[in-house]
Amino acid sequence: MLFQAASKQCHNGNPMRAFFVPFIQDALRSAGIETDKDILIEKPTEKKFGDFSTNIALLLAKELKKNPRTLAGEIMEHFAFPEGTVVKTDVAGPGFINFHLEPAFIMRTVRDVLSEGESFGSNPAGKGQGAIVEYVSANPTGPLTVGRGRGGVLGDCIANLLETQGYDVTREYYFNDAGRQMQILAESVRYRYLEQCGMTVDFPESHYQGDYIRNIAETLFIEHGDELAKSESLSVFKETAEGIIFDSIRKTLARLSITHDSFFNEHTLYKAEEGGISPNQAVIEALDAKGFISKFDNATWFLTTKLGQEKDKVLIKSSGDPSYRLPDIAYHVTKFNRGFSLMVNVFGADHIDEYPDVNEALKILGYDTGRIRVAINQFVTTTVGGQTIKMSTRKGNADLLDDLIDDVGADATRLFFIMRSKDSHLNFDIDLAKKQSKDNPVFYLQYAHARICSLMRMAGNEIGFNADSATGEGLDVLDSEVEIELASALLDYPDVIQSCLRFLEPQKMVEYLHGIAELFHKFYQECPILKADPAIRTARLELSLCVRRVLRNGFTILGISAPESM
RNA sequence: GUGCCCGUAGCUCAAUGGAUAGAGCAUCAGCCUUCUAAGCUGAGGGUUACUGGUUCGAGUCCAGUCGGGCAUACCA
């Protein structure tokens with residue numbers, strides 16, 4: 001919602017689109033048409049329909065009770081575009097108005113890419129506002145699995161996208177080292193430790209089976225001998241396991257350039273604040289005051305049936321411990337109290353039921369839940385040689401994220417995780433990701449960048465072209481079809497960022513960059529660069545620089561490297 | 001049973017309610033004496049799971065049917 005408004009007004013998107021809006025508004029006014037409809041400028045599906053089009057006549061036809069084509073013709077008569085911008089307008093199809101642009105106009109506009117550089121595509125819409133993106137948030141019960149990686153990369157990209165909009169972004173990892181799962185973890189380590197001490201133990205099926213448990217037990221045995229076998233206390237097992245596992249999680253994330261600014265321990269929500277009550281207790285009392293709390297069966301319940309849900313939900317179990325819901329609500333209260341104006345939660349489809357309760361509770365407590373956006377990613381299956389691998393952390397047969405990175409590299413891991421819509425189940429084809437060839441989208445994108453870098457090296461050596469001081473002054477001599485198409489596509493980059501944010505979907509960036517790479521390769525194939533006449537040569541080098549700029553900016557958002565040579 | 005996601009070319013996937021539904025892979029046919037062939041060009045391939053509805057217009061929205069995944073805990 002926050003981004004929809006911005007995008008509809010065309011202020012942050014493609015500079016060409018922003019150009020049209022006031023002229024269309026003027027034309028409507030001159031034609032005596034009053035409307036508050038958003039003026040949508042889009043790129044036609046086919047080149048013969050021109051460079052841009054608007055469906056405004058189609059939108060207005062109904063309320064004005066006119067044939068859309070006739071209406072389009074009437075609006076068109078009132079256009080007053082400046083010299084050297086729009087060559088031709090026409091009406092086509094059911095009533096689209098198509099604009100054909102002067103090539104030089106596009107080429108002059110694409111200079112923005114060079115002058116704005118790293119900040120091309122950015123805008124200060126979120127300036128002065130805090131945003132928090134919560135992602136990964138795996139409890140330290142085991143190494144990260146492939147499935148977790150998808151959410152991690154998704155969250156990281158969303159954070160990158162928000163940074164381009166000027167937000168002060170906090171990347172947060174929420175975890176719990178006090179719950180039942182951690183208890184089981186500690187017990188699992190203890191069992192393996194006792195095995196190390198030479199005892200025979202009946203290892204429960206419900207416990208963590210993975211080899212990493214044995215490794216932790218071994219570490220403890222080397223350090224302490226069998227001394228720990230005497231004590232019934234689990235704390236040393238728990239703490240050691242947590243330390244080692246968290247360390248490994250952070251290392252794995254770091255390999256994918258995923259970092260967090262803050263690690264929020266759920267347990268802090270259980271502790272009373274100075275001279276007061278705990279954040280958990282505060283939530284209970286606040287909900288109670290609104291009449292949504294009841295105690296029965298020895299537990300404390302959140303009366304969600306009052307909100308039309310099928311069942312009430314337990315907030316405090318009969319054991320006296322909170323269920324995960326209570327700290328979750330309290331956690332979100334802290335986000336509001338910390339002053340974030342935008343909160344993005346990234347989690348996997350298995351947590352789908354978690355969010356609605358939190359949302360309802362926050363609403364009851366008077367918080368503006370419109371500031372929260374949830375990105376839920378569907379599951380990942382990996383395939384090797386056509387065989388799919390199923391995973392389960394508990395059984396220890398999970399495909400580990402670390403193994404995947406070892407196998408295909410960090411860039412491919414990241415790109416593959418986000419090159420499909422988060423709503424689709426991801427089929428991670430390991431064979432494809434490993435391929436060092438054009439079939440692999442990672443290489444296709446990076447190759448385009450490396451090719452440009454190579455070009456710039458040669459241009460520097462042979463003709464003393466200085467890529468750093470290029471301004472794009474000479475770009476408007478270019479007028480071939482592929483050059484115009486490429487330049488025009490580069491100007492879409494800001495739109496793509498807006499679109500990614502609107503849908504919390506970096507996948508759109510991958511697809512866009514693929515299109516840019518494709519157009520560049522075509523341009524490179526069709527247009528001689530270094531061998532062209534000096535004016536054309538300079539312009540083509542400048543256009544290549546614009547492409548490199550957009551690729552780099554996009555790679556930064558996706559978090560993949562931009563190799564100078566391959 | 002109920003809730004959420006998905007169903008589009010042989011395969012993996014795109015497509016703000018807009019024009020003739022697009023890419024890549026695979027298949028077939030071409031392009032290196034020439035700035036990186038890790039590239040480019042062309043061809044074939046579709047009842048958008050099914051049935052209705054809403055409207056100028058539906059892959060997209062609504063209802064239902066069928067199929068797959070996830071969730072339906074006093075686990076997180």
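Residue numbers begin at 1 in each chain, while the letters A, B, ... track the order of the sequences. Because the structure is predicted, anything quoted here is derived from the model rather than measured. Only this structure's heavy atoms are used, side chains among them; waters, hydrogens and symmetry mates stay out.
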- Message: Would the base of B/A19 count as contacting A/S53 through its side chain, where contact means a donor and an acceptor less than 3.5 Å apart?
- Response: yes

- Message: Between B/U20 and A/K48, counting only base atoms on the nucleotide and side-chain atoms on the residue, is there a donor-acceptor pair under 3.5 Å?
- Response: yes

- For A/W301, does its backbone N or O pair with a side-chain atom of A/D312 as donor and acceptor, under 3.5 Å? no

- What's the CD1-P distance between A/I516 and B/C40, to the nearest Å? 14 Å

- Is A/E172 salt-bridged to A/K335, going by a charged N under 4.0 Å from an acidic O? no

- Would you indicate what A/M458 reaches in the nucleic acid, counting non-hydrogen atoms under 4.0 angstrom: base, sugar-phosphate, or nothing? sugar-phosphate

- Task: Using Watson-Crick or G-U wobble pairs with both distances under 3.5 Å, give me RNA chain B in dot-bracket, 5' to 3', with [ ] for crossers and | for pairs to another strand.
- Result: (((((((..((((....[...)))).(((((.......))))).....(((((..]....))))))))))))....

- Message: By the 4.0 Å heavy-atom rule, please label A/D297 as base, sugar-phosphate, or nothing.
- Response: base

- Query: What nucleotide, of B/C35, B/C6, B/C74, holds the atom closest to the side chain of A/L455?
  - Reply: B/C35

- Item | Distance between P atoms of B/A49 and B/A9 (Å, rounded) | 8 Å

- Task: Choose from B/C40, B/G18, B/U16 the nucleotide whose nearest atom is closest to any side-chain atom of A/N55.
- Result: B/G18

- On a plain distance test, is the side chain of A/Q181 in donor-acceptor contact with the base of B/C75 below 3.5 Å? yes

- Task: Select base, sugar-phosphate, or nothing to describe what A/A450 touches, counting heavy atoms under 4.0 Å on all strands.
- Result: base

- Closest listed nucleotide, where the reference is the side chain of A/H425 and the choices are B/G3, B/A15, B/C5: B/C5

